[in-house]
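So the structure is just underneath, and the comments pick up after that.
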Amino acid sequence: MPGVIFMLVLFFATASAQERDTMPERRIDEVTVSAHRMPRQLTATVPVQAISGEKIKTLGLQNIADAVRRFAGTTVRDYGGIGGMKTVSVRSLGAHHTAISYDEVAVSNCQAGQIDIGRFSLDNVSMLSLSVGQEEDLLRSARMAASAAVLSIRTEMPRFIGKRKYSVQANVRTGSFGQFQPFLRAAFKASEQTIVSIDGHFLRADGTYPFILKNGALRTREKRYNSDIVAWHSEANVFHSFSNTSDLNIKAYYFNSERGLPGGVILYNNDNRERLWDENFFTQASYKNHFSDQWSMQAQLKYTYSWNKYEDTDVKYENGKQIDLNTQNEYYASATAQFNATDHLRFSLAEDGAINTLNNNINDNPSPVRYTSLTALRAHFHRGALTVNGTLLYTFVTEEVKRGDRPDDRKRLTPSLSLTCRPFAMHHFYIRALYKKTFRVPTFNDLYYLRLGNTGLRPELANEYNIGLTWNGTPLRFLDHLSLTVDGYYNEVRDKIVAFPSTYVWKMANFGEVKITGLDINASAGASVTDKIRLALNGSYTYQRAIDQTDPEAKNYNQQIPYTPHHSGSGAVTFETPWANVAYTLVAVGKRYYLKQNIPVNRINGYAEHTLAVSRLFHLRSCEMRVQAECVNLTDEQYDIIKYYPMPGRSFRATVSIKL
């Protein structure tokens, strides 16, 4: 979809007539390859991590949350099972400070402020990347500069073999706990300039998996119920190229699901009847034009509709049932112009506007309407060994309500500055530094939800500082490559929005201050064992000290904030052979605490999850077929990511994929 699209046409020809080879000629069909450019990870001025769609398949990752957990500095909250909600926080700043972009256009949720990344399919993902600070592309929208980190999801461009004007991809995945997951994608060339694709994805799982319930010295084997899910999503895309310098991409997306919410484990009570229905639709268009060597522009339009229904059946409610209905709408537009002043200096100006509405069935619904304006002025300088990026972002937010109090207008100017330099011209060694200030406006839930909301809330302020080193080379003969990145950082969040107990009910208030010190390390290496066997290794490690400094008199003062481990890491080893590809991955997380006080009763033990995947690609006469088998949580370790939400034990999956 939207993004930089490269069309590489490979022409195979015979040797020159003047030096004709005596070897027999073999004709190879012409292949058109479409792909997104991988982001610069070693030379970027900000920390960037990325994984390709092909690598995701080889490693046997189940969903986007599994992939994100392998990025250094990330914390994924997973409520268990295939259908459990999954949100991501980067460097302990909170999920509200992480922006999610889908094919370069931001995904929003003004009601809760955090996106469930579990609803996005991996079957059509070509690349997943995480940028701390902001992405470097000057044509990005202003909204992409408004968050502390950006998780970017990019879907695949259609691929056509030879002179075919169509392509078809079909996957069928089945696995433990009733998982059944087919996927179908069809694409065709409507003309030489236009490609149309349609995707369909279905997921069904009963989610009933066993776990060990611990009650003092007693251990009993139980089953996790009400974790079922039925979901499907579809996409339609139009890719149109007007010329070599301009293109238009249009997407329509629809997602619908019904799932059970198993809730936390309660002793002697498995009767949980909470249900959640979700319906999401958006349509977006992105147009880019490079007018000349000096001027280029990007324009984006998007409409989003989101509806959800929560239902709980219990005798504690007046009518035996509680039903919450919420409907959101967003109208969004963005325009960016870039000017290349010289060979070394570039500028861009981006203007974004959005209108958000929320309606629900609560009493005295305020029906808020939010108007947001974002203006970003960017500058990029590159000369010799030095690269510098700077941004000034101006945010203005105003709201209207049908009843009740409205919050004051919020307006703020926030800067960011990042740079990298290469001190030694003969070595691929870089030093980078980053400073960025961001703030997140309170969500509709923070401001208006029942009696908890507080329209007097101030935005959360976050400051990020980062200094890093990157290097790559081939110091040993048997290595094809070796790369290493090390980033140390310091973050602070002020005016953190928390639920604070008052006389009768809890109330949202600006009461928190968190300071985060951390270290992220990423390493990768590749080696050719023989002419036909290749070994690839990847690893990451994170150390974080995220302490609460809200109240010096509190018992949790200077203690680690909930759900943040001091140590975490991941590793992957892949063997590529002519017979099969074998991948082993490991995710390890140290102990955490689920409440503010770091005492033994609040501790969640650390865990290590092992996954083994074996796959083979068959090149048939007119198609490709891929067969893959995976074993997840190989050691059958029981662990919680969220307290009282046990994760599944050992499970198996099998996938068959065909591409025409």
Side-chain angles (χ1 to χ4, degrees), residues 1-11 30-39 101-107 124-127 135-144 152-167 169 185-199 234-253 282-304 331-341 343 346-353 376 378 380:
M1 269 297 292
V4 179
I5 303 172
F6 291 91
M7 304 294 290
L8 304 176
V9 182
L10 307 180
F11 296 96
E30 178 182 305
V31 178
T32 301
V33 180
S34 304
H36 295 290
R37 181 176 59 186
M38 290 290 287
S101 77
Y102 196 69
D103 283 330
E104 298 190 351
V105 182
V107 181
N124 65 339
V125 168
S126 68
M127 186 178 65
E135 296 178 321
E136 292 187 308
D137 187 355
L138 266 64
L139 279 179
R140 287 286 188 269
S141 65
R143 182 176 273 186
M144 290 294 95
S152 178
I153 305 168
R154 295 190 179 183
T155 58
E156 289 181 337
M157 287 284 294
R159 187 185 70 169
F160 302 94
I161 299 175
K163 296 183 178 180
R164 287 181 182 172
K165 293 188 176 182
Y166 69 91
S167 68
Q169 176 183 346
R185 185 182 207 193
F188 65 93
K189 292 182 179 180
S191 68
E192 290 301 319
Q193 293 79 32
T194 306
I195 297 174
V196 178
S197 71
I198 301 174
D199 299 357
S234 59
E235 295 184 23
N237 300 277
V238 178
F239 311 90
H240 182 78
S241 177
F242 294 97
S243 64
N244 293 330
T245 60
S246 65
D247 55 71
L248 172 67
N249 298 326
I250 302 173
K251 176 188 287 287
Y253 171 100
F282 66 76
T283 180
Q284 63 189 41
S286 177
Y287 173 74
K288 286 185 179 181
N289 195 328
H290 297 273
F291 298 103
S292 65
D293 292 339
Q294 286 187 310
W295 288 98
S296 55
M297 63 84 67
Q298 174 182 268
Q300 295 179 341
L301 291 173
K302 184 173 184 178
Y303 166 71
T304 303
Y331 308 87
Y332 170 77
S334 171
T336 307
Q338 179 177 318
F339 173 63
N340 300 333
D343 292 340
R346 294 179 287 155
F347 297 95
S348 74
L349 180 65
E351 177 62 35
D352 290 16
R378 294 189 179 98
H380 171 89

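Side chains included, hydrogens not; waters and symmetry mates left out as well; all remaining heavy atoms used. Numbering starts at 1 and runs along the sequence shown.
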For this session: Using modelled atom types only, decide if a donor and an acceptor are shared between the side chain of T155 and the backbone of V125 within a distance under 3.5 Å.
Result: no
Problem set entry | Atom of A341, atom of F347 and distance for their closest heavy-atom approach | CB-CE1, 4.2 Å
For this session: List the steps and the verdict of side-chain contact (heavy atoms from CB on, under 4.5 Å) for N249 and N237.
Result: CA-CA 7 Å; N249 298 326; N237 300 277; over 6 Å; no
Exercise. In chain order, what residues pass the side chain to side chain donor-acceptor pair (under 3.5 Å) check against S241, with sequence neighbours excluded?
Worked result: none
For this session: Output all residues satisfying salt bridge (Lys or Arg N to Asp or Glu O under 4.0 Å) with R143, sequence neighbours left out; order by chain, then residue number.
Result: E330
Seminar exercise, completed: Residues passing the side chain to side chain donor-acceptor pair (under 3.5 Å) test with S152, sequence neighbours excluded, are S101
Seminar exercise, completed: Sorted by chain and residue number, the side chain to side chain donor-acceptor pair (under 3.5 Å) partners of S348 (sequence neighbours excluded) come out as none
For this session: State which residues pass side-chain contact (heavy atoms from CB on, under 4.5 Å) with L349; sequence neighbours excluded, sorted by chain then number.
Result: T375, L377
Exercise. At their closest point, which heavy atom of Q169 faces which heavy atom of E156, and how far apart are they?
Worked result: OE1-OE1, 3.7 Å
Exercise. Which one of E235, K251, Q284 satisfies the side chain to side chain donor-acceptor pair (under 3.5 Å) criterion with Y102?
Worked result: E235
Exercise. How close do S197 and F239 get, heavy atom to heavy atom, and via which atoms?
Worked result: OG-CE1, 3.9 Å
Exercise. Which residues pass the side-chain contact (heavy atoms from CB on, under 4.5 Å) test with S234, sequence neighbours left out?
Worked result: W232, Y254
Problem set entry | Minimal non-hydrogen separation, R154 against D103, with atom names | CA-OD1, 3.4 Å
For this session: With sequence neighbours excluded, tell me which residues meet side chain to side chain donor-acceptor pair (under 3.5 Å) with S334.
Result: D352
For this session: Output the distance between atom OG (S286) and atom CG (L248), rounded to the nearest 0.5 Å.
Result: 8.0 Å
For this session: Please identify each residue that fulfils ring-ring contact (aromatic ring centres under 6.0 Å, His included) with Y331, with sequence neighbours left out.
Result: Y303
Exercise. Is R159 close to S167 at the side-chain level, that is, under 4.5 Å between some pair of heavy atoms?
Worked result: no
Exercise. What is the minimum heavy-atom distance between T336 and S141, and which atoms define it?
Worked result: OG1-CA, 4.1 Å
Exercise. E104 and Q300: which non-hydrogen atoms are nearest, and at how many Å?
Worked result: O-NE2, 3.3 Å
Exercise. Of all residues at least two apart in sequence or in a different chain, which pass the side-chain contact (heavy atoms from CB on, under 4.5 Å) check with N340?
Worked result: Q338, R346
Exercise. How long is the span from the CD1 atom in I195 to the NE2 atom in H240, to the nearest 0.5 Å?
Worked result: 11.0 Å
Problem set entry | Ionic contact status for K288 with D247, cut-off 4.0 Å | no
Problem set entry | Counterpart residues, side-chain contact (heavy atoms from CB on, under 4.5 Å), relative to F188 (two or more places apart) | Y166, A190, V196
For this session: Could I get the full list of ring-ring contact (aromatic ring centres under 6.0 Å, His included) partners for F282, not counting sequence neighbours?
Result: Y253
For this session: Mind checking the CD-CZ spacing from Q294 to F339? Nearest 0.5 Å is all I need.
Result: 5.0 Å
